[in-house]
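For reference, the structure discussed in these notes is given below.
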There are 2 protein chains.
Amino acid sequence: MKAPEPLGGPRPTSRDVAAAAGVSQATVSLVLGGKWHGRVSERTAGLVRDTARRLGYRPNLAARNLRLGRTRTALLVVPALTNEFFARVYTGASAVAARHDFGVVLYPSPQGVGPARDPFASARTALDGVIASSMATDALHAFHDTDLPLVMLDSDPADRGSAAQVNLDIADGMRQVTGHLLALGHRRFVHLASAVPSWTFDVRARALAAALRERPDTTVRTVPAPLDVAGAREAAARALAAPGPRPTALVCDDDLIAAGACKAVRRLGLRVPEDVSVTGFDDLALATAVEPELTTVGLPAEQVGERGMEALLAVLDGRTPPPGDLPVTLRVRASTAPPPRA
Amino acid sequence: MKAPEPLGGPRPTSRDVAAAAGVSQATVSLVLGGKWHGRVSERTAGLVRDTARRLGYRPNLAARNLRLGRTRTALLVVPALTNEFFARVYTGASAVAARHDFGVVLYPSPQGVGPARDPFASARTALDGVIASSMATDALHAFHDTDLPLVMLDSDPADRGSAAQVNLDIADGMRQVTGHLLALGHRRFVHLASAVPSWTFDVRARALAAALRERPDTTVRTVPAPLDVAGAREAAARALAAPGPRPTALVCDDDLIAAGACKAVRRLGLRVPEDVSVTGFDDLALATAVEPELTTVGLPAEQVGERGMEALLAVLDGRTPPPGDLPVTLRVRASTAPPPRA
DNA sequence: CGCAGGAAGTTATACGTAAAACCCCGGCGG
DNA sequence: CCGCCGGGGTTTTACGTATAACTTCCTGCG
């Protein structure tokens, strides 16, 4: 009836449990490991389990990891968790991991770009594999070199190497956005493009350019914008103040940029969407919090994490992860409308 | 000149390095561990380091953790990473950890409430300590029982037990909000209160009630609201549609709720802040993305994480973490104004 | 009666590291 | 000439677990 090791005393080991139960350490390991059928009697197994519970036994994971040579732990590399998209990716990956008795540890790669510092210096535990999201090309080399199974999320197929990949059909998203705006009658576009160099943004730019190239009556200007509302607002303000006819549609690489763009439009005394249409990307919580609600592209972020983790598990299992991009969906809301008749 | 273990071959161990360098494993461990001064000659040390680099040696962390009995890893328990506040807490904790050569692994406690499933089942590595944020009382017991050093963030002092605590001066934040609104002339309040049972929300309610109790000419009604924009909007709509004189100020437990409240107000054809003032809490990115920008209470989320990690390190070091709540700041923006003159 | 074979364990070993304890040798003070 | 010291290592052990290999006992069968 005494508390399980009230304090001070070191944690009980499987040997302690064995001694208390009057069996050998191997038996304890067998029973608690679940693979004792036909090796240990029901009665002994029960006794062992009770004793373990009574002593408050918890297996030493460091020892187990050493013995097994695996840790059932994956490293998830993300640029920044404060970005809702990556928080959702983590959530998805973590959920699948939990289901397979896996753990996920994060490596917040410094500013999402540049030659990330050695992530393994930060990992305090051995890893079974790596899931890297939206990494810059050069940063990836650090991983390719480690012979650890690698899954890349939302990243350039050209960097693929021997890694598995889980990608979003970003290009299709941008095509849908463009199609939607063209159908509404827009012809003069500004692309508020993220300044962060990353495949996920390059694809947006290329898809937009490709779509408009087929329509000679359209114009588009690309303006770089930082990935935050205040900075994006300024960038958008400058874009709108530029000489020449005013653009009727602002195509933004991200919802944060779109929110900033909306503010810039209104600051000029114009209305969204009557005077200027604005589109976002990602469909963050923000998109339905602002007014007007943003027309944007919904990305299945959790699914990216889930598929990423599943791919890693597949690789670890010697299987080949299923190919195929994840579909994205255009969410038409209130920030887009036909251009003014001018 | 050959690549460090191109593939296939198992990772080299310290023994492999020793063999290649023609020294004993102990020497390798000594040199790479950095504590060899006076034990190993400069020349040998250099040789060992070169050999290790050449073979691409990485110490097996599972073995090290086992040997040392410590992992330099902390568990951070958070309700949900998609909540920007907790993502920032993680960021802060992680930064301090990295500086001290520590790791942080997350445990996303299911829906932030209820008797969390055993977090140690999910941790695939042994832990040196736990940082638990905004936990429900009962869920904490699971941790108190483990004899692991525990730091609690933003949680009820009554649940403190033997753990260290890092708290925000939430009550002061709510006092400032209330003071600001009273000074503007508001008298009829609605408190849109989070339905999640948690100390951080209870304090808001108590502080608001206490502040208004001193002013007999005020009225306040408490309306529960979910922690998302859409749900909060509905809750706010119901509150505004209630019989009796319309409230002039909506005090919200969270920026998400405030954003929803703003939308509800406008849906009724009213304006924020001319007809109804709205205040938030947390100062998320959202607060400056919506229009009007939200008057809210800024919480130093990163600092919470930093102080939490520092407190844990202190405890592990046998020191006593410094007490004292972290200050919060009222951010007066555009969503509050004097009430209409009726 | 003898022995195969299964049930129920036990003994022994390996995982890779850190570090305590030990060893050897050259120089130096007594 | 002996003993001692310290620089520069090496040998050895322990950490706690999982599991392969081995033992023992019993039962059933030919």
Seminar exercise, completed: Looking only at D:dG8, C:dG16, C:dA19, the nucleotide nearest the B:Ser41 side chain is D:dG8
Exercise. Roughly how far, to the nearest 0.5 Å, is OG1 of A:Thr73 from CG of B:Leu61?
Worked result: 11.0 Å
For this session: List in numerical order all residues of residues 19-29 of chain A for which some heavy atom is under 4.0 Å away from an atom belonging to DNA chain D.
Result: A:Gln25, A:Ala26, A:Ser29
Exercise. Are A:Asp147 and B:Arg11 within salt-bridge range, i.e. N to O under 4.0 Å?
Worked result: no
For this session: Return the value, rounded to whole Å, for the distance between atom CG of B:Leu32 and atom C1' of C:dG16.
Result: 13 Å
Exercise. Rounded to the Å, how far apart are A:Lys35 NZ and C:dG9 P?
Worked result: 19 Å
Problem set entry | Heavy-atom side-chain contact between A:Met309 and A:Phe102 under 4.5 Å | yes
Seminar exercise, completed: Walking DNA chain D from its 5' end, the first of B:Arg15 and B:Leu68 to be reached, judged by nearest nucleotide, is B:Arg15
Problem set entry | Rounded distance (Å) that lies between atom C1' of D:dT17 and atom CG of B:Asn60 | 14 Å
For this session: Take the protein atom CG of A:Leu66 and the nucleotide atom P of D:dA14, then report the distance between them rounded to whole Å.
Result: 16 Å
Exercise. Are the side chain of B:Glu306 and the backbone of B:Ala97 linked by a donor-acceptor contact shorter than 3.5 Å?
Worked result: no
Seminar exercise, completed: Side-chain atoms of B:Tyr57 come closest, of C:dT17, C:dC15, C:dG9, to C:dT17
Exercise. Can you tell me how far P of C:dA8 sits from CG of A:Leu47, to the nearest Å?
Worked result: 15 Å
Seminar exercise, completed: To the nearest angstrom, the CG-P distance between B:Leu61 and C:dT17 comes to 9 Å
Problem set entry | B:Thr71 versus B:Asp128, side-chain donor and acceptor atoms under 3.5 Å | yes
Problem set entry | Side chains of B:Tyr90 and A:Thr82 in contact at under 4.5 Å (non-hydrogen atoms) | no
For this session: Summarise protein proximity over nucleotides 21-26 of chain D in one line of letters, 5' to 3': B for base, S for sugar-phosphate only, - for none, counting protein heavy atoms closer than 4.0 Å.
Result: B-----
For this session: Can you tell me the distance, in whole Å, between the CG atom of A:Leu30 and the P atom of C:dA7?
Result: 14 Å
Exercise. Side chains of B:Thr91 and B:Ser94: donor-acceptor distance under 3.5 Å anywhere?
Worked result: no
Problem set entry | Polar side-chain atom of B:Asp317 near backbone of B:Arg319 as donor-acceptor pair, under 3.5 Å | no
Problem set entry | Rounded distance in Å - CG (B:Asn65) to C1' (C:dC15) | 14 Å
Problem set entry | D:dG9 phosphate, OP1 or OP2, under 4.0 Å from B:Thr44 side-chain N/O | yes
Exercise. Do B:Thr200 and B:Asp154 have side-chain N/O donor and acceptor atoms under 3.5 Å apart?
Worked result: yes
